[in-house]
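Data block below; observations after.
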Amino acid sequence: MNIYIHPNEESLASAAAAMIAGIVMEKPDAVLGLATGSTPAPVYRELARMAHRGIVSFAQVRTYNLDEYVGLNPDHPQSYRRYMNEQLFDHIDIDPANTHVPSGFADAGMAAAYDEEIQAAGGIDLQLLGIGRNGHIGFNEPAGDFSRLTHIVDLTDSTRQANARFFDRLEDVPRQAVSMGIGTIMQARRILLIATGEDKASAVRDMLNGAITPRMPASVLSLHRHVTVMLDNDAARLLNH
Ligand code: F6R
């Protein structure tokens with residue numbers, strides 16, 4: 001695992017975007033696993049800038065997002081499909097047909113089919129991850145065991161509260177999501193986890209300095225061969241250097 005600590009969010013975003021662009025330059029039809037939330041937004045802005053300047057083209061890239069809220073239509077203002085269109089896809093030369101976000105109306109069979117689609121596309125070359133304050137990756141919440149494939153998850157109160165900032169009221173935050181499983185994430189050839197801000201510091205400490213346990217889902221990443229972690233100073237504050 002390579003861990004990089006950046007002085008601020010901008011420098012982290014440039015480094016993360018450079019890593020993603022580098023993979024696409026090396027393999028123009030790369031399969032990218034993408035995340036939503038606050039942390040990747042500056043990374044997507046930087047990728048859009050790079051695409052505008054002609055530094056990188058996404059014309060042949062395929063993308064698979066980690067998750068979607070259950071019950072939200074793709075055009076719902078808080079749906080992750082809408083987030084991806086607004087934050088990235090509408091600003092780069094990607095073919096919309098090559099972008100995939102799990103359906104918010106998926107049943108168990110459709111969720112399982114998402115993993116098959118990823119495998120049929122050749123598997124994920126780089127999976128981008130954020131981390132929840134409780135250590136979740138995707139929407140794999142702390143649990144008794146590591147989940148395998150894409151499935152429907154019950155969101156914890158802490159995750160719903162953390163994400164309430166995007167909704168008018170806490171009651172509007174969906175109670176479930178469809179999420180790639182830990183198994184799906186671990187099958188990616190490379191993983192890039194990014195975390196910024198002081199509210200992630202204890203999750204980052206437990207992920208990197210604590211035991212590997214499904215109670216801290218991100219801790220599983222220690223078992224993957226090609227993981228890069230990019231942190232800003234605030235998120236790295238509690239690490240034993
Ligand atoms: C988003 C996702 C989540 C977020 C995590 C951090 O697709 O799967 O695991 O990465 O909740 O969210 P932010 O970046 O908003 O703090």
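If you read the sequence from its start, that first residue is 1, and numbering goes on from there. Both ligands and their constituent atoms are indexed starting at 1 by order of listing.
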So, are Arg237 and Asp234 salt-bridged, with charged N and O less than 4.0 Å apart?
no

Test of understanding: given a 4.0 Å heavy-atom threshold, classify the contact between Asn163 and ligand 1 as side chain, backbone, both, or neither.
neither

Nearest non-hydrogen protein atom, atom 10 (O) of ligand 1:
Gly130 CA, 3.4 Å

One thing to verify: whether Arg190 and Asp125 come together as a salt bridge, which I'm taking to mean a side-chain N less than 4.0 angstrom from a carboxylate O.
no

Are the aromatic ring centres of Tyr69 and Phe167 under 6.0 angstrom apart?
yes

Backbone, side chain, both or neither: what part of Asp67 comes under 4.0 angstrom of ligand 1, heavy atoms only?
side chain

Numbering the atoms of ligand 1 from 1, which are under 4.0 Å from a heavy atom of Gly138?
2 (C), 3 (C), 8 (O), 9 (O)

Can you list the atoms of ligand 1 that are under 4.0 Å from a heavy atom of Leu66?
8 (O)

Which residue owns the protein heavy atom closest to atom 5 (C) of ligand 1, what's the atom, and how far is it?
His136 NE2, 3.4 Å

Would you say the side chains of Ser103 and Glu68 form a donor-acceptor pair under 3.5 Å?
no

Within 4.0 Å of some non-hydrogen atom of Ala35, the atoms of ligand 1 are 7 (O)

When you measure from atom 14 (O) of ligand 1 to every protein heavy atom, which one gives the shortest distance, and what is it?
Thr39 OG1, 2.4 Å

So which protein heavy atom does atom 1 (C) of ligand 1 come closest to, and at what separation?
Thr36 OG1, 3.2 Å

Regarding ligand 1, does Arg165 bring an N or O atom to under 3.5 Å of one of the ligand's N or O atoms?
yes

Of the protein's non-hydrogen atoms, which lies at the shortest distance from atom 16 (O) of ligand 1, and what is that distance?
Lys200 NZ, 2.6 Å

In terms of the angle between their ring planes, are His226 and His224 parallel, tilted or perpendicular, with boundaries placed at 30° and 60°?
perpendicular

Quick one: closest heavy-atom pair of Glu46 and Ser14, and the distance?
CG-CA, 4.1 Å

Whether Arg160 side chain and Leu170 backbone form a donor-acceptor pair below 3.5 Å
yes

With a 3.5 Å cut-off and no angle check, do the side chains of Asp115 and Thr150 form a donor-acceptor pair?
yes

Among all protein heavy atoms, pick the one closest to atom 6 (C) of ligand 1 and tell me residue, atom and distance.
Ile131 O, 3.3 Å

